2 protein chains.
Amino acid sequence: MADDTATEARILDAAEAVFVRRGVDGARTQEIADEAGVNKALLHYYFRTKERLSEAVFRRIAGAFFPRIIAAFSADEPVAERVRRVVEIETEFLRRHPFLPGYLLGELRARPEAMKTLVRTLLPIDAMRETVRQNLQAALDAESAAGRMRPVRAERFVVDLMSWLVFPYAARPMIELILGLEGDAFEAFLAERNATLADGFLRSLAP
Amino acid sequence: MADDTATEARILDAAEAVFVRRGVDGARTQEIADEAGVNKALLHYYFRTKERLSEAVFRRIAGAFFPRIIAAFSADEPVAERVRRVVEIETEFLRRHPFLPGYLLGELRARPEAMKTLVRTLLPIDAMRETVRQNLQAALDAESAAGRMRPVRAERFVVDLMSWLVFPYAARPMIELILGLEGDAFEAFLAERNATLADGFLRSLAP
DNA sequence: GTCTATACGGCGATAGAC
DNA sequence: GTCTATCGCCGTATAGAC
């Protein structure tokens with residue numbers, strides 16, 4: 001075992017774990033090597049530099065994170081159903097990757113232009129944007145025309161829902177500290193919250 | 001001019017600027033010295049280490065950020081008024097310090113235990129927590145008993161409102177990228193959003 | 001208090017053996 | 001493809017002159 005592709009994958013997994021918990025600047029290549037069960041020289045063999053390794057990790061994460069969300073927002077379903085779908089997909093994803101929002105936000109903050117460029121080469125940004133602006137906006141306009149919802153811009157709709165979904169994970173240490181929701185209490189709090197989040201969100205848009 | 005306290009303050013201001021835009025790990029003491037118009041040796045003279053300097057900066061920022069928000073949440077006013085107050089205070093503060101959420105979240109993520117300890121020595125966490133749990137929860141319970149609002153836990157109330165307020169700033173590069181709201185368009189988007197944010201939030205809690 | 005110059009350590013990168 | 005050993009830079013910390 002431990003052929004080349006398996007080793008490369010192990011390094012990538014280890015790098016993801018370390019980058020996600022320490023940030024790229026705070027991460028040490030030694031720690032990545034330890035976590036992968038190899039030595040630093042192999043990181044160089046496979047990825048050449050820490051910079052390139054971090055880009056590979058970011059690519060993998062961003063590629064898994066964004067497309068499904070955009071798809072759910074733009075699915076050909078009633079607005080209420082899309083909201084429930086986004087909530088469902090996102091809560092499931094975040095349950096498995098709770099520290100990922102902090103990582104993504106941290107990287108985009110530390111190296112905004114580099115990361116933006118990276119995402120642009122990775123995802124069909126323009127197409128995604130158009131889908132949101134056309135498809136989602138049309139659905140929202142139809143709802144408001146029918147008097148079932150107040151008028152709202154698609155951009156705001158997306159930002160507001162994503163704020164509720166993502167922020168608690170990114171701010172977890174702060175919430176634990178200020179509100180005294182440590183460990184399991186925090187998890188329980190989020191689970192309960194997630195169950196009623198879609199309804200609350202839709203109510204905020206009631207006519 | 002340039003007596004000792006002025007120099008120390010200039011270093012602190014410079015450090016804040018650099019830490020906020022690069023994160024502590026990404027910051028170089030040389031850049032802080034340049035921005036303060038002094039040399040690296042003086043940083044050591046006043047603050048001994050980069051670590052201590054970062055703690056001083058964090059203290060100043062956290063001390064300015066949290067107390068006013070907690071006070072607004074717990075003010076002796078109707079719930080709707082408190083919400084509008086929190087929104088007003090927070091939007092004004094964030095307008096002047098738009099990169100601060102990213103900094104705070106980043107530090108609490110990179111060094112959660114150290115930062116938590118620091119905040120505990122800085123703020124009366126337990127008292128703040130009790131105020132939220134007692135005072136705010138009582139106000140929310142009264143509203144729901146009167147049929148003006150659905151029942152909600154104070155913790156959730158706080159997290160949901162803060163999510164809407166803070167997340168767009170922390171996620172600014174991502175929002176600019178995905179939704180195509182660059183520069184001024186982003187500012188305009190937020191200004192418009194902030195104006196109706198309190199009402200939308202209260203609607204989400206309608207009975 | 002403020003500067004110049006330097007010591008020191010750590011980390012990423014790499015050479016070279018197997 | 002994987003290892004051991006080592007290099008060289010860069011950033012923080014510090015000594016010492018003014």
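Sequence lines set the chain letters: A, B, ... in the order given, protein chains first and strands last, and positions in each chain run from 1. Small disclaimer: the values here were computed from a predicted structure and weren't measured. Computation of the quantities below employed the complete heavy-atom set of this structure, encompassing side-chain atoms and omitting hydrogens, waters and symmetry-equivalent molecules.
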Undergrad: Does OP1 or OP2 of D/dT14 have a side-chain N or O of B/H44 closer than 4.0 Å?
TA: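 Looking at the OP1 and OP2 atoms of D/dT14, one of them is under 4.0 Å from a side-chain N or O of B/H44.
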
Undergrad: Please list, by residue number, the residues of residues 20-42 of chain A whose heavy atoms come closer than 4.0 Å to an atom of DNA chain D; answer none if no residue qualifies.
TA: A/V38, A/N39, A/A41, A/L42

Undergrad: What's the CG-P distance between B/L53 and D/dT12, to the nearest Å?
TA: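 Computing the B/L53:CG to D/dT12:P distance gives 11 Å.
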
Undergrad: Has the side chain of A/N135 got a donor or acceptor atom that lies under 3.5 Å from a matching backbone atom of A/T131?
TA: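 Absent.
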
Undergrad: Rounded off to whole Å, could you give me the OH-to-P distance for the A/Y45 and D/dG1 pair?
TA: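 These atoms are roughly 3 Å apart.
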
Undergrad: Nearest whole angstrom, please: distance from the C1' of C/dC3 to the CD1 of B/I11.
TA: 13 Å

Undergrad: Flag the pair B/V24 / B/R111 as yes when at least one side-chain heavy-atom distance between them is below 4.5 Å, and no otherwise.
TA: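 A side-chain contact exists here, since the closest heavy-atom pair is under 4.5 Å.
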
Undergrad: Can you check whether A/Y103 and A/F19 have ring centres sitting under 6.0 Å from each other?
TA: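 Between A/Y103 and A/F19, the centre distance exceeds or equals 6.0 Å.
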
Undergrad: Centroid-to-centroid, B/F99 to B/Y169, below 6.0 Å?
TA: no

Undergrad: Between atom CZ in A/R52 and atom C1' in C/dT14, what is the gap in whole Å?
TA: 15 Å

Undergrad: Please determine which of A/E90, A/E77, A/E92 meets the salt bridge (charged side-chain N to carboxylate O under 4.0 Å, His left out) test together with A/R85.
TA: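 That would be A/E77; it is the only one of A/E90, A/E77, A/E92 passing the salt bridge (charged side-chain N to carboxylate O under 4.0 Å, His left out) with A/R85.
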
Undergrad: So, is A/Y46 close to the D/dT2 phosphate, meaning a side-chain N or O under 4.0 Å from OP1 or OP2?
TA: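 Yes.
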
Undergrad: Think A/T49 has a side-chain N or O under 4.0 angstrom from the OP1 or OP2 of C/dG12?
TA: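 For C/dG12, OP1/OP2 do not have a side-chain N/O of A/T49 under 4.0 Å.
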
Undergrad: Taking side chain as C-beta onward, heavy atoms only, is B/F157 less than 4.5 Å from B/L205?
TA: yes

Undergrad: Verify the contact: side-chain N or O of A/R48 to OP1 or OP2 of C/dG12, cut-off strictly under 4.0 Å; return yes or no.
TA: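 Indeed not, no polar side-chain atom of A/R48 lies that close.
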
